[in-house]
Amino acid sequence: MVTSSFLIPRVESLASSGIQSIPKEYVRPQEELTSIRDVFEEEKNVEGPQVPTIDLKEMESEDKAVREKCREELVKASKEWGVMHLVNHGISDDLIDRVKKAGQAFFDLPIEEKEKHANDQASGNVQGYGSKLANNASGQLEWEDYFFHLIFPEDKRDISIWPKTPSDYTEVTSEYARQLRSLATKILSVLSVGLGLEEGRLEKEVGGLEELLLQMKINYYPKCPQPDLALGVEAHSDISALTFILHNMVPGLQLLYEGKWITAKCVPNSIIMHIGDTVEILSNGKYKSIIHRGLVNKEKVRISWAVFCEPPKEKIILKPLAEIVTEAEPPLFPPRTFAQHIEHKLFRKTQDSLLPRKAN
């Protein structure tokens, strides 16, 4: 069904139109431009801190010492970075390859075919094919199109909006969702124990099997004629509990670590995992929800598959867990529902965009 979103210019159309300079609404503010550099050069940089790689192979080892070492590394990376490359995560290379091929095949369709799946953000229907609307005072846009849909639990999905082409899209995406949901349980279990809690505590706090929602956003970043002026995704932290990301081995993800932008390497057969705001709040800041952004380039299309594991919007009050709050470590976050947390972030972002810009 084609909706009013058809009127929204797609970044892919702009990119393929032959323009040499990008429209002004895609140009970042001056204070951001000083830190945007060539992503391929940035990825080669081996100096300084690097995003940790965590090997999950031994996470359920029968040898207690081996198992504990693996779990400690995961907890340490979650506290120090809040982002990591997961390898030996238990999801087969074949399934991941099929998920990527299915998403790529959808974005390879002509734009008029993709528009049949367009969302209608004006009416609150965010699922489907879309591009960012300017939602802040500066009218800033990002250099990406996307496809967004809820993929788990299965009884909450709306399969009618999922791509019909390629024909195996639903099959492979559904299987990936099931396996990722199992992985999320394992990760949350380790993070719970890392806080001195029972294994199932964090999972319960974010909604459990029935209520934790897995939302997939396939991000499509076309080639950009002026990549030093634009961003694929502006700087933000994820609102989710956990986020799992696949990509097509084109660099772009940057993390703000100790005040500097660090470019994530492309690690074969890995899944990138972020700790989101939800787990940061529950852990009272012990686990970090890191600020990150996406660079673009003029040579290669970048595609990423982000799955956000989100608690229900109204049913759960997010606040630091009572067991880890003390007089010495009082709560750093006020109690809010997930919906209120989203509103709070949007309000702060709007306020920030109204502030006068600093000239560099």
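Keep in mind that this is a model prediction, so the values were computed, not measured.
Sorted by first and then second residue, the salt bridge (charged side-chain N to carboxylate O under 4.0 Å, His left out) pairs involving residues 164-188 (not counting sequence neighbours) are E60-K186, R98-E171, E154-R178, E175-R178, R181-E203.
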Could you walk me through whether E58 and K69 pass the side-chain contact (heavy atoms from CB on, under 4.5 Å) check? CA-CA 8 Å; E58 307 296 355; K69 183 172 183 292; over 6 Å; no
Audit row: E343, R336, salt bridge (charged side-chain N to carboxylate O under 4.0 Å, His left out) steps and yes/no: CA-CA 10 Å; E343 285 303 312; R336 290 190 179 104; over 6 Å; no
Test ring pair (Phe, Tyr, Trp, His ring centres under 6.0 Å) applied to Y221 and W143, step by step: CA-CA 6 Å; Y221 307 103; W143 195 261; over 10 Å; no
Salt bridge (charged side-chain N to carboxylate O under 4.0 Å, His left out) between K288 and E258, worked out: CA-CA 12 Å; K288 301 286 182 286; E258 296 183 345; over 6 Å; no
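Judged as a side chain to side chain donor-acceptor pair (under 3.5 Å), and not counting sequence neighbours, the contacts of E113 are K116. Shown here are the side chain to side chain donor-acceptor pair (under 3.5 Å) partners of S270, two or more places apart in sequence or in another chain: there are none. Taking F106 as the reference, H117, F147 meet the ring-ring contact (aromatic ring centres under 6.0 Å, His included) condition, with sequence neighbours excluded. Legend: residues meeting side chain to side chain donor-acceptor pair (under 3.5 Å) with S35, ordered by chain and number and at least two apart, are R293. With sequence neighbours excluded, the residues that form a side chain to side chain donor-acceptor pair (under 3.5 Å) with R157 are S174.
A 6.0 Å sphere centred on NZ of K204 holds no more than 12 heavy atoms belonging to other residues, nucleotides or ligands. Around NZ of K79, the count of heavy atoms belonging to other residues, nucleotides or ligands within 6.0 Å exceeds 12. The 12-atom threshold is exceeded at NZ of K156, counting heavy atoms of other residues, nucleotides or ligands nearer than 6.0 Å. Counting heavy atoms of neighbouring residues, nucleotides and ligands inside a 6.0 Å radius, atom NZ of K300 does not exceed 12 of them.
Contact detail for P312 and F338: the closest heavy-atom pair is O-CB, 3.5 Å. Closest non-hydrogen pair, S13 versus I111, comes out as OG-CD1, 3.0 Å.
By the 4.0 Å N-to-carboxylate-O rule, K345 lies close enough to D277 to be salt-bridged with it. Salt bridge absent: K64 and E68 never bring a charged side-chain N and a carboxylate O closer than 4.0 Å. A salt bridge does not link K76 with E73: none of the charged nitrogens is closer than 4.0 Å to a carboxylate oxygen. Under a 4.0 Å N-O distance rule, the pair E210/K315 does not qualify as a salt bridge.
Counting heavy atoms from C-beta outward, I96 and H89 have side chains that approach closer than 4.5 Å. I272 has its side chain within reach of V83: a pair of non-hydrogen atoms, C-beta onward, lies under 4.5 Å apart. Looking at E144 and K132, their side chains never come closer than 4.5 Å, going by heavy atoms from C-beta outward. When side chains are defined from C-beta on, L242 counts as touching I275, because their heavy atoms get closer than 4.5 Å. Annotation: side chain of E299 is in contact with side chain of F40 (closest heavy-atom distance under 4.5 Å). Using a 4.5 Å heavy-atom cutoff, the side chains of C309 and V206 are not in contact. Residues V75 and Y287 have side chains in contact (heavy-atom distance under 4.5 Å, counting atoms from C-beta outward). Under the 4.5 Å side-chain criterion, counting only non-hydrogen atoms from C-beta, S78 is in contact with L191.
Between F333 and the choices L282, L318, I281, the side chain to side chain contact (heavy atoms under 4.5 Å, CB included) rule is met once, by I281.
Both I239 and I151 are part of a single hydrophobic cluster, where members link through side-chain heavy atoms under 4.5 Å apart.
Judged purely by distance below 3.5 Å, without hydrogens or angles, the side chains of H292 and D238 pair a donor atom with an acceptor atom.
Judged by distance alone, the side chain of K313 and the main-chain N or O of T337 form no donor-acceptor pair under 3.5 Å. The main-chain N or O of L295 is never found under 3.5 Å from a side-chain atom of Q254 such that the two would form a donor-acceptor pair.
Figure legend: R10 and Y129 shown as a cation-pi pair, the cationic atom lying under 6.0 angstrom from the six-membered ring centre and within 45 degrees of its axis.
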